[in-house]
Amino acid sequence: MKRVRTHRAASPWLFLLPGLGTVAAFNLYPFLTTLHKAFTDARTLTPGSWVGLRNFRELLQDEQFWVALRNSGLYVVLVVPFTVLLPLLLALLVQKRIPGVAFFRSAFYTPVVASVVVVALIWEWMLDDRGLVNAVLRVLGAGPVSFLGDEWLLLFSAMALTVWKGLGYYMIIYLAALANVPRELHEAAAVDGAGALRRFTAVTVPAVRSTMVLVGALSSVAAFKVFSEVYLLAGPTGGPAGQDTTLVMLLQRTGTGLNGRVGYSSAISLIVFAVALVLMLLVLRADRRDGQDSQDGQDLPHRQGGPDPKGGRA
């Protein structure tokens, strides 16, 4: 019996061992290595020596770092609201049981499974000076627009590509949440005379609030760590004079190559990790505060002497 108890206590850890080993080898160890190298002057072929906070002081004086931080911050501010709201509207549209709705679900989800390289090349062809978009603008008499030559238009084009490619992914998340919303709530609101917009704000949004927080957290971290879309549209240099460089692009540019500054790029990666963590905590804290305020609002009539559920007075 003692041997059986010993084996029973060890069995869960044996089942967890493959997963824990994988996480330790591919997540924990690289993170600890990056944390150590951020305080060294390591390069690609040399381990380097301890330099303390010198990499971080150099970052604060690097103009390119502030440009990259600005671009990554703008990405979060401008992309996240669209990736939270637009997929919800799409999910409401494709949720209806009408003929042909399966085609539209597949069409909206197709960009998610498509390669980001292929999608970026298609967008680059469309936004080129002699591309499809400028051809339409010429027909309308608006003239060609240098979407890929202007630093701001290029950044906004990359944002539009990010939103377009992520719509289908977040739409599926919202569809799963909307399936759990009781139909009786919408029917009761309709009986009370609420229109479509009123039912959306009073019934749908509160019912999927937690899912909206999840989508906001995921899209915030993804937007702040954006790389492929901007890199493929702007090129390795980061657009005109490097003005469209993001933090991850700067990390890749400084930390790769035979003479890459691994210590400096590790410091950048720690800043990316810290900001992404703060973004997630802020989103979760805002959701917790909204939930607490909603609960306090529901309890307020009962506290003030309103009718209680049993029909009496509080």
Side-chain angles (χ1 to χ4, degrees), residues 62-87 90 107-171 218-257 260 265 268-269 271-272 275-276:
D62 188 354
E63 182 180 354
Q64 193 64 45
F65 167 75
W66 292 108
V67 171
L69 183 62
R70 178 202 65 186
N71 293 334
S72 297
L74 282 175
Y75 230 90
V76 175
V77 173
L78 299 179
V79 168
V80 172
F82 290 100
T83 53
V84 171
L85 184 59
L86 291 182
L90 282 181
F108 292 144
Y109 193 75
T110 298
V112 179
V113 298
S115 170
V116 64
V117 177
V118 175
V119 171
L121 290 176
I122 295 175
W123 274 65
E124 184 179 6
W125 170 77
M126 292 175 56
L127 299 175
D128 189 73
D129 292 344
R130 294 177 293 178
L132 177 63
V133 175
N134 276 309
V136 175
L137 293 177
R138 289 191 186 95
V139 173
L140 297 177
V145 178
S146 182
F147 291 101
L148 304 179
D150 182 83
E151 59 174 288
W152 292 110
L153 290 180
L154 194 153
L155 188 63
F156 293 150
S157 300
M159 292 178 184
L161 171 58
T162 301
V163 173
W164 178 78
K165 196 174 187 311
L167 285 178
Y169 175 75
Y170 298 119
M171 179 193 70
L218 293 177
S219 59
S220 296
V221 175
F224 192 76
K225 298 192 303 180
V226 66
F227 172 78
S228 301
E229 293 89 334
V230 182
Y231 183 85
L232 293 170
L233 290 182
T237 59
Q243 292 300 304
D244 293 300
T245 301
T246 63
L247 281 176
V248 179
M249 290 179 63
L250 182 63
L251 189 156
Q252 183 268 344
R253 185 189 308 163
T254 58
T256 57
S265 63
I268 299 176
S269 66
I271 293 178
V272 173
V275 175

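Every heavy atom of this structure was used, including side-chain atoms; hydrogens, water molecules and symmetry mates were not.
- Side-chain atoms of Tyr170 and Leu218, non-hydrogen and from C-beta on, do get closer than 4.5 Å to each other.
- Atom-to-atom distance recorded for Lys225:NZ and Ser220:OG is 12.0 Å, nearest 0.5 angstrom.
- Paired with Thr245 under the rule side-chain hydrogen bond (donor to acceptor under 3.5 Å, both in side chains), one option of Gln252, Arg253, Arg70 passes, and it is Arg253.
- Counting heavy atoms from C-beta on, the side chains of Val112 and Met171 never come closer than 4.5 Å.
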Hey, mind stepping through Glu124 and Leu232 against side chain to side chain contact (heavy atoms under 4.5 Å, CB included) and telling me if it holds? CA-CA 8 Å; Glu124 184 179 6; Leu232 293 170; over 6 Å; no
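- Taking a 6.0 Å sphere around CZ of Phe224, one finds it holds more than 12 heavy atoms contributed by other residues, nucleotides or ligands.
- The shortest side-chain heavy-atom distance between Met159 and Leu74 falls under the 4.5 Å cut-off.
- Heavy-atom minimum distance, Leu69 versus Leu247: CD1-CD1, 3.8 Å.
- Closest approach of Pro240 and Gly149 over heavy atoms only: CG-O, 3.2 Å.
- Across every non-hydrogen atom of Leu127 and Val133, the tightest pair is CD2-CG2, 4.0 Å.
- Heavy-atom minimum distance, Thr162 versus Tyr75: OG1-OH, 2.8 Å.
- Nearest heavy-atom pair across Leu153 and Ser146 is CD1-O, 3.7 Å.
- Between the CH2 atom of Trp125 and the CG atom of Leu132 there is a distance of 5.0 Å, given to the nearest 0.5 Å.
- Counting only distance, with no hydrogens or angles, the side chain of Asp129 and the backbone of Asn134 share no donor-acceptor pair below 3.5 Å.
- Counting only distance, with no hydrogens or angles, the side chain of Asn71 and the backbone of Val67 share a donor-acceptor pair below 3.5 Å.
- Formation of a donor-acceptor pair under 3.5 Å by the Thr83 side chain with backbone atoms of Val80 is found in this model.
- Here Leu121 contributes atom CG and Met126 contributes atom CE; the two are 13.0 Å apart, rounded to the nearest 0.5 Å.
- In this structure a side-chain-to-backbone donor-acceptor pair under 3.5 Å is missing from Tyr231 to Val248.
- Rounded to the nearest 0.5 angstrom, Leu167 CG and Thr110 OG1 are separated by 12.5 Å.
- More than 12 heavy atoms of other shown residues, nucleotides or ligands fall within 6.0 angstrom of atom NZ in Lys165.
- Leu155 CG to Glu229 CD: the interatomic distance, rounded to the nearest 0.5 Å, is 11.5 Å.
- Considering only heavy atoms from C-beta on, Gln64 comes within 4.5 Å of Leu250 through its side chain.
- Nearest heavy-atom pair, Leu233 versus Ala120, reported as atom, atom and distance to 0.1 Å: CD2-O, 3.8 Å.
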